[in-house]
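Working notes for the structure below.
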Amino acid sequence: MHIVLDRSGATVGAIRLDDAGAVIDERTIPADDLVDFVRTAEAESPRWVWNDTRAWYPRLLAAGVRVSRCVDLQLSHRIVRMSTLTAESDLARALPGPWDTAPELDEEPERRHTALFEFEVDGAEAHASPLDEFRAQSNAVAACAEPGRIRLLLAAESAGALIASEMRFAGLPYSVARHDALLTGLLGPRPLAGARPAALEQLLLEIRDALESPTLNPDSPPELLRALQRVGLMATSTRSWELRELEHTVIEPLLQYKKLSRLLTANGWAWLDAWIVDGRFRPDYVPGGVVTGRWATRGGGALQLPRHVRGAVVADPGWKLVVADAAQLEPRILTGLSGDTAMAEAGRGKDLYEGIVASGAVDERAHAKVAMLGAMYGATTGESGRLLPRLTRAFPRAVRLVEEAARAGERGEIVTSRLGRSSPKPGPSWLAAQSVASGAESTDADERRARSQARDWGRFTRNFVVQASAAEWALCWMAGLRNRLTELAPSARIGEGPHLVYFLHDEVIVHAPASLAERTAEAVVDSAAEAGRLLFGGFPVEFPVTAAVVDDYAQAK
DNA sequence: CACGGGTGCGCG
DNA sequence: AAAGCGCGCACCCGTG
């Protein structure tokens, strides 16, 4: 059963549909009664259909109401609109409408400090009927050749939207005291606003002294570069890895300065003030925020939390963190996509890269890793490029799959993930460059530029099939895990039983009562295996996950 | 002064 | 150890 919700002003329309999509009940509810309505109806486990999870769910969560399933029409629309699997549908062939323009939710005040905010439906969208859109999507899916794939994708994407709201609601348990201690240890005591911490001040003096530039601002790359060249250092950029190669007394303090300066500006006291409230980090997750279907975040840099501050992520007393990481996810995804049985064998029961070494393809684990990454990213030079022929000989099917995705992209074609997310078409300037180069009047420069852009786009599509399919696996993993966690503590509200608090592409953290931590770890492993079956059926590719039960994030691996 | 591109670096 | 995918964010600096 589905219940379609449609807000207009102070009321909400609720339309109940049976499994054939026929209306069985229709009513109008005062917006104030929505929470009670949902709470009651949730007992029947409907799939809630709404335009945008972020516009509906936070208020329900705040009122203690959790829903088990939904259709996020916004997210689903983007997938169905773009997918090659549904390309013949009315929805895909229609002119752009309100569901296409639909809003990057623009600035909402006080977004950062509350989980309770909601977005108002704006004018254009108020007229877009969720029921019509839901039917258009259902028709598009039902009519396509392999409805199972895209149906699973839409369910997983929508589950991800629920999880994102729930994770923000619960928040990542975060110790201000530990983070502050780390900052103080490295930088010195917190300075007054605008002042430089003692450690940075000291390093600045050393740098200026070593470069004989008493007013140098090392934060300015052009200025720094000139100063380095003045003392005879042949740097071409100020990147750390390049500076590391140089020999001069300035290098050590300079590298240290860059490191600490980065810590201060990205995750310093200001970040702590802005993002950690009541011992919780609540980043704004954006499901589907990346073309490949990965999540993005807005504000707080939640997906770039540096490894060396992770000790500040601390379980509450009596609770544990279950930190889980999918091992070599993308190569395993490629294994499943290509049906490469040799690579599946290499990944069976062990580290995939070690398995590649054991197969005799390469000599050491580091080589296996760099060769695999190079194959998936399109490296042509360096060690990775040199190892590719050996990889190809050992695993021809896997390598062929990414090569074909690259060739398709170079021709300007679309590629599609395992469950049906399709890559965008190249833009007008790309097409123009190709057509100029193939014209009769083209110059060598035109052709070089077109070839280079074609290869760039080929690297994008090469990686797209893997990264997008990996993102789908991760969504299925989390959705399955969420269900299992609910079973472990059926009546608990979010935050009372084990619940997801963090997601980082191929890694999750569950905050769990200590008594349920071990069973949570089992759920993590079982969900990973289930996700593998959902994507690849009986094909014997394994998806091992490490699940560590710890008190703080730094203790994991 | 606002804005956007460039640089550099954090994450997978 | 570096160059090849996807991001977000802080900062600098040139432009309008």
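So you know, we letter chains A, B, ... as the sequences are listed, proteins then strands, and number each from 1. These values consider heavy atoms only, across backbone and side chains, with no hydrogens, waters or symmetry-generated copies.
- In this view, R397(A) satisfies the side chain to side chain donor-acceptor pair (under 3.5 Å) rule with no residue, not counting sequence neighbours.
- Residues R386(A) and G289(A) each lie close to DNA chain C; by heavy-atom proximity, the contact nearer the 5' end of the strand is made by R386(A).
- The side chain to side chain donor-acceptor pair (under 3.5 Å) check on R307(A) picks up nothing, with sequence neighbours excluded.
- Using a 3.5 Å distance cut-off with no hydrogens or angles, the side chains of S469(A) and S417(A) do not pair a donor with an acceptor.
- Within 3.5 Å, a donor on the side chain of E383(A) pairs with an acceptor on the base of dA1(C), or the reverse.
- Using modelled atom types and a 3.5 Å distance limit, the side chains of E252(A) and Q256(A) yield no donor-acceptor pair.
- Computed from coordinates, the F460(A) CZ to dC7(C) C1' distance equals 12 Å when rounded to whole Å.
- In this structure, the salt bridge (Lys or Arg N to Asp or Glu O under 4.0 Å) partners of R407(A), at least two apart in sequence or on a different chain, are E403(A), E410(A).
- In this structure, the separation between CE on M82(A) and CD1 on I414(A) is 7.0 Å, given to the nearest 0.5 Å.
- Using a 4.0 Å heavy-atom distance criterion, S240(A) is classed as a sugar-phosphate-only contact.
- No hydrogens or angles considered: a donor-acceptor pair under 3.5 Å links the side chains of D219(A) and Y257(A).
- Residues meeting the salt bridge (Lys or Arg N to Asp or Glu O under 4.0 Å) test with R294(A), sequence neighbours left out: E330(A).
- As judged by a 4.0 angstrom heavy-atom cut-off over every strand, R294(A) is placed among the base-contacting residues.
- Checking the phosphate oxygens (OP1, OP2) of dC5(C), a side-chain nitrogen or oxygen of R459(A) falls inside 4.0 Å.
- A salt bridge does not link E472(A) to R418(A): none of the charged nitrogens lies less than 4.0 Å from a carboxylate oxygen.
- Between H505(A) atom NE2 and dC7(C) atom P there is a gap of 10 Å when expressed in whole angstrom units.
- Residues E507(A) and Y502(A) have side chains that never bring a donor and an acceptor to within less than 3.5 angstrom of each other.
- Heavy-atom distances under 4.0 Å link DNA chain B to L303(A), Q304(A), L305(A), P306(A), R307(A), R310(A) of residues 302-312 of chain A, given in residue order.
- Protein chain A contacts DNA chain B over a range whose 5' and 3' limits, counting nucleotides with an atom under 4.0 angstrom from a non-hydrogen atom, are dG8(B) to dG12(B).
- Within the structure, every pair that satisfies the side-chain hydrogen bond (donor to acceptor under 3.5 Å, both in side chains) test and touches residues 379-391 of chain A, not counting sequence neighbours, is listed here: H367(A)-E383(A).
- dG8(C) atom C1' lies 16 Å from atom CH2 of W295(A), rounded to whole Å.
- The residue among M376(A) and G301(A) whose nearest nucleotide of DNA chain C lies closer to the 5′ end is M376(A).
- Salt-bridge annotation for D351(A) and K369(A): absent, with no side-chain N of the basic residue lying under 4.0 Å from a carboxylate O of the acidic one.
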Let's go through T53(A) and S165(A) carefully: what are the C-alpha distance in whole Å and the side-chain angles of both, what is the deciding distance for side-chain hydrogen bond (donor to acceptor under 3.5 Å, both in side chains) to 0.1 Å, and is it a yes or a no? CA-CA 8 Å; T53(A) 303; S165(A) 287; over 6 Å; no
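- Listed by chain and residue number, E157(A) satisfy the salt bridge (Lys or Arg N to Asp or Glu O under 4.0 Å) test with R421(A) (two or more places apart in sequence, or in another chain).
- Atoms CH2 (W457(A)) and P (dG4(C)) sit 18 Å apart, rounded to a whole Å.
- Among the heavy atoms of the strands lying under 4.0 Å from G300(A) are primed sugar atoms or P, OP1, OP2 only; no base atom is included.
- If you check every strand for non-hydrogen atoms under 4.0 Å, E242(A) touches nothing.
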What does the B/S/- profile of nucleotides 10-16 of chain C look like, 5' to 3', with a 4.0 Å heavy-atom cutoff to protein? SSSS---
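- K320(A) and D551(A) are joined by a salt bridge, as a carboxylate oxygen and a charged side-chain nitrogen come within less than 4.0 angstrom of each other.
- Looking at heavy-atom distances under 4.0 Å, V466(A) makes no contact with the nucleic acid at all.
- Within residues 387-424 of chain A, no residue has any heavy atom closer than 4.0 Å to DNA chain C.
- Per the geometry, NZ belonging to K369(A) stands 13 Å off C1' belonging to dA1(C), to the nearest Å.
- Heavy atoms of other residues, nucleotides or ligands lying less than 6.0 angstrom from NZ of K350(A) number more than 12.
- Non-hydrogen atoms lying under 4.0 Å from DNA chain C are contributed by nothing in residues 173-182 of chain A.
- Checked for salt-bridge contact, R190(A) and D180(A) miss the test: no charged N lies under 4.0 Å from a carboxylate O.
- The end-to-end axis angle of the helix from dC1(B)-dG16(C) to dG12(B)-dC5(C), rounded to 10 degrees and based on five pairs per end, is 0°.
- Between the CG atom of L373(A) and the P atom of dG6(C) there is a distance of 15 Å, rounded to whole Å.
- Here CD of E404(A) is found 11.0 Å from CD of E413(A). Values are rounded to the nearest 0.5 Å.
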